[in-house]
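Here's the structure, in structure tokens; my notes come after.
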Amino acid sequence: MSGPDLAILMFFVLLGLIVLRTPIAIAMFIVGAIGMAQLTSFSQLLIFLEAAPVSRTASYSLSVIPVFLLMGNLAMRSGLSSVLYEAARNWLGHRPGGIAVATIGGCAVFGSICGSSIATGATMASVALPEMRKLGYSGALSTGCLAAGGTLGILIPPSIILVIYAIITEQSIGDLFLAALIPGIIATFYYIAAILIYVRLKPESGPAGKRYGWKERFRSLKFVWPIVAIFIIVIGGIYSGVFTPTEAAAIGAACTGIIALSRKTSWADFLECLIDTAKTTGMIFLILIGAEIYASFMALSELPILITDTITQANMSPLAVIITIMLIYILMGAVMDGLAMIIITVPLFLPVVMGFDIGLSEEALAIWFGILVLSVVETGLITPPVGINVYVINSMADDVTLLETFAGVIPFVISDFFRLATIISFPAVALWLPGLL
Amino acid sequence: MKSSNERFDDNRGMGLFVRRMALAGGFVLVFISAITVVSVFGRYVLGAPITGDYEIVEFGVSLAVFAFFPYTHASNNNIVAGFFTSGLSKNVQNIMDMFQNIIFLVVVCLLAYTAIIGGIDKFNSNEISMFLSLQIWWLHAFGVVGLTLLGWVTFRKIIKWEVS
């Protein structure tokens, strides 16, 4: 059997294993190991396994992942979400739908120091949800805006998904972070627009809240500035090359830790923060170990080259190709985890995208594609049937049915499609800041 | 019928042990973050970073990650796409999960075995890190310990499973 044939067969085996409840890391490992043993020999595979998994865990470039997770979890456990939420509410809450808009704003700022979406949504929900319900916000709008707002956690840098994309595609983390910034801001404004349209159509779902005076508004900004400062140090430091990503993450974690201390975060909370970091880090690194052998097999099989050649010969326009890939991602993202989806498919699709002749360098194409992938992964977090954010937020609202929450995210899913269309039509929104045009 | 994927109790026995191990790994992570901050401070303010800070980070992260693996699995945090089988009965799902844990155990054993072989190789060739002369085989030793415990957690999951 030729390399590409074997790879196609093994790809279906991989999907089969995933459907049969194999942990995704293990499924990738099995498929990669069998494929590699077929293409080389069993003894070659053993030699590969002697060093690869261990050195994968002891990699400086990957060390940024647990440190960013630590930073995000510190931010979550220190109750920063409540001060961010209060600040946003004091400024915006008195308009119709204002508390929902404030929630989105709070999520966006929180997302600038937290790279995970479930954490962002859940921590914001703990403060915003009770208040929205008390004010008479509908279950659909209050849970919908939290589920969607949480996704800003991964779109706005730092973003764990982007770090992993950067590592598997060997692109610059700093460039990707900067590239995600404007799309993140666009996403925030599209979400706000979605809320404003929604409350115009259904005014009873989001009544206006209390109006706060200017003194209270400015006083509530006290904890917002440090977060903005951390964000600028971390992102600016990585991009300018002053810090390595790991160093920036460590400095960010230290600053967040100082804020947590000043807010009298308890020892028990600190331990929980370490445990949360442990769970997610263990999960990601097991996937990365499986992914390494899977990606080595895919490269060895030459399937990616075959796919690229086929698409080039079919003379499809780049736009048609990218829309096809995005549709595949939206479908996959609806039923499986975004991280796994990226690791399984990017080695196949990226070479195709990098072959586009649309006046952009290969590097720029890789960065642009990364932002597109990130954007669809984000949508996958709130689309049925799997939409993990919807389940997490819904589980926090006792009196809201799951159906209401899924109905509540519809306006946000629509605005996600507008955002995706914007990034596809204007690659400049991603590429202008890192200077890749 | 008892699921093989029931969460371990964090407060006693094996569950408590792997939780403490994960916490220890968490402290290692805090330590390497602190070293990194000190080293950056040294580089820009004092003109002298900590020698081999990258190596400390690499060894620390490796140690931490292997300390996390058993807890991640004990608390069911490894990603499984449960959507496709969510329509099946709980019994069928449990049987599938039991088989998945057997596969998991086989993979973990293979990883531990190759890590041992690789470690012996590094030990014999006396491979060391560039700045601090740290022994590379230590990484394999961390790995084998972490993977062995991960295997033990998986084994416990398999034997916990029972048909009613």
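Just so you know, these numbers use all the heavy atoms, side chains as well, and skip hydrogens, waters and symmetry mates. Chain letters run A, B, ... following the sequence lines, proteins first and then strands; every chain starts at 1.
Ranked by heavy-atom pairs under 4.5 Å with chain B, the list A:A340, A:G290, A:P66 is led by A:P66. Of all the listed residues (B:Y113, B:F142, B:F27, B:F59), the one sharing the greatest number of non-hydrogen pairs under 4.5 Å with chain A is B:F27. Per-residue heavy-atom pair counts under 4.5 Å with chain B were compared for A:I26, A:T280, A:L339, A:I65, and the maximum is reached by A:I26. Taking chain B as the reference chain and counting heavy-atom pairs below 4.5 Å, the highest number among A:G257, A:A58, A:P385, A:S59 is found for A:A58. Contact tally against chain B (heavy-atom pairs below 4.5 Å) for A:V242, A:T246, A:T281: the top residue is A:V242. Your options are B:V108, B:V57, B:I103, and the one with the most heavy-atom pairs under 4.5 Å with chain A is B:V57. No other option in A:L20, A:I47, A:L17 has as many heavy-atom pairs under 4.5 Å with chain B as A:L20. Counting heavy-atom pairs under 4.5 Å between each of B:V106, B:L88, B:L23, B:D121 and chain A puts B:L23 at the top. By number of non-hydrogen pairs under 4.5 angstrom with chain B, the leading residue of A:I275, A:I251, A:I18 is A:I275. In terms of non-hydrogen atom pairs under 4.5 Å with chain A, the most contact-rich of B:G146, B:S62, B:A74, B:G26 is B:S62.
Only the side chain of A:I287 comes within contact range of chain B, with at least one heavy atom under 4.5 Å from a heavy atom of that chain. For chain B, the nearby parts of A:V19 are the backbone and the side chain; heavy atoms of each come within less than 4.5 Å. For chain A, no part of B:E55 is nearby; none of its heavy atoms comes within less than 4.5 Å. Only the side chain of A:I289 comes within contact range of chain B, judged by heavy atoms closer than 4.5 Å. At a 4.5 Å heavy-atom cutoff, the contact between A:S63 and chain B is made by backbone and side-chain atoms alike. With a threshold of 4.5 angstrom between heavy atoms, A:A253 does not approach chain B through any atom at all. Heavy-atom distances place the side chain of A:F29, and not its backbone, under 4.5 Å from chain B. Contacts between A:L62 and chain B at a heavy-atom distance below 4.5 Å are absent for every atom of the residue.
Heavy-atom contacts from other residues, nucleotides or ligands closer than 6.0 Å to CZ of B:F123 number 12 or fewer. Heavy-atom neighbours of B:F17 CZ from other residues, nucleotides or ligands within 6.0 Å: at or below the threshold of 12. Counting non-hydrogen atoms of other residues, nucleotides and ligands closer than 6.0 Å to CG of B:L16 gives a total above 12.
Contacts between residues 29-46 of chain B and chain A, defined by a heavy-atom separation under 4.5 Å, are made by B:L29, B:V30, B:S33, B:T36, B:V37, B:V40, B:R43, B:Y44. Using a 4.5 Å cut-off between non-hydrogen atoms, the part of residues 132-140 of chain B that approaches chain A consists of B:L139, B:H140.
B:F83 has its side chain out of reach of A:R21: every pair of non-hydrogen atoms, C-beta onward, lies at least 4.5 Å apart. With a 4.5 Å cut-off on side-chain heavy atoms, B:L63 and A:T57 do not count as touching. Between B:V80 and A:I24 there is no side-chain heavy-atom pair separated by less than 4.5 Å. Here the side chains of B:V61 and A:F285 are in contact, with some heavy-atom distance below 4.5 Å.
Interatomic distance, A:M283 CE to B:N78 CG, rounded to the nearest 0.5 Å: 8.0 Å. With rounding to the nearest 0.5 Å, the separation of CG in A:L286 from NE2 in B:H73 is 9.0 Å. Rounded to the nearest 0.5 Å, atoms OH (B:Y71) and NZ (A:K279) are 4.5 Å apart. How far CD of B:E58 is from OG of A:S55: 10.0 Å, rounded to the nearest 0.5 Å. A distance of 7.0 Å separates CZ of B:F68 from OG1 of A:T277, quoted to the nearest 0.5 Å. Summarising the geometry, atom CD belonging to A:E247 is positioned 6.5 Å from atom CG belonging to B:D53; distances are rounded to the nearest 0.5 Å.
In the model, A:T22 has a side-chain atom that pairs as donor or acceptor with a side-chain atom of B:Q100 under 3.5 Å.
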- Item | Check against salt bridge (charged side-chain N to carboxylate O under 4.0 Å, His left out), B:R19 and A:E272 | CA-CA 10 Å; B:R19 182 186 152 94; A:E272 281 314 305; 2.9 Å; yes

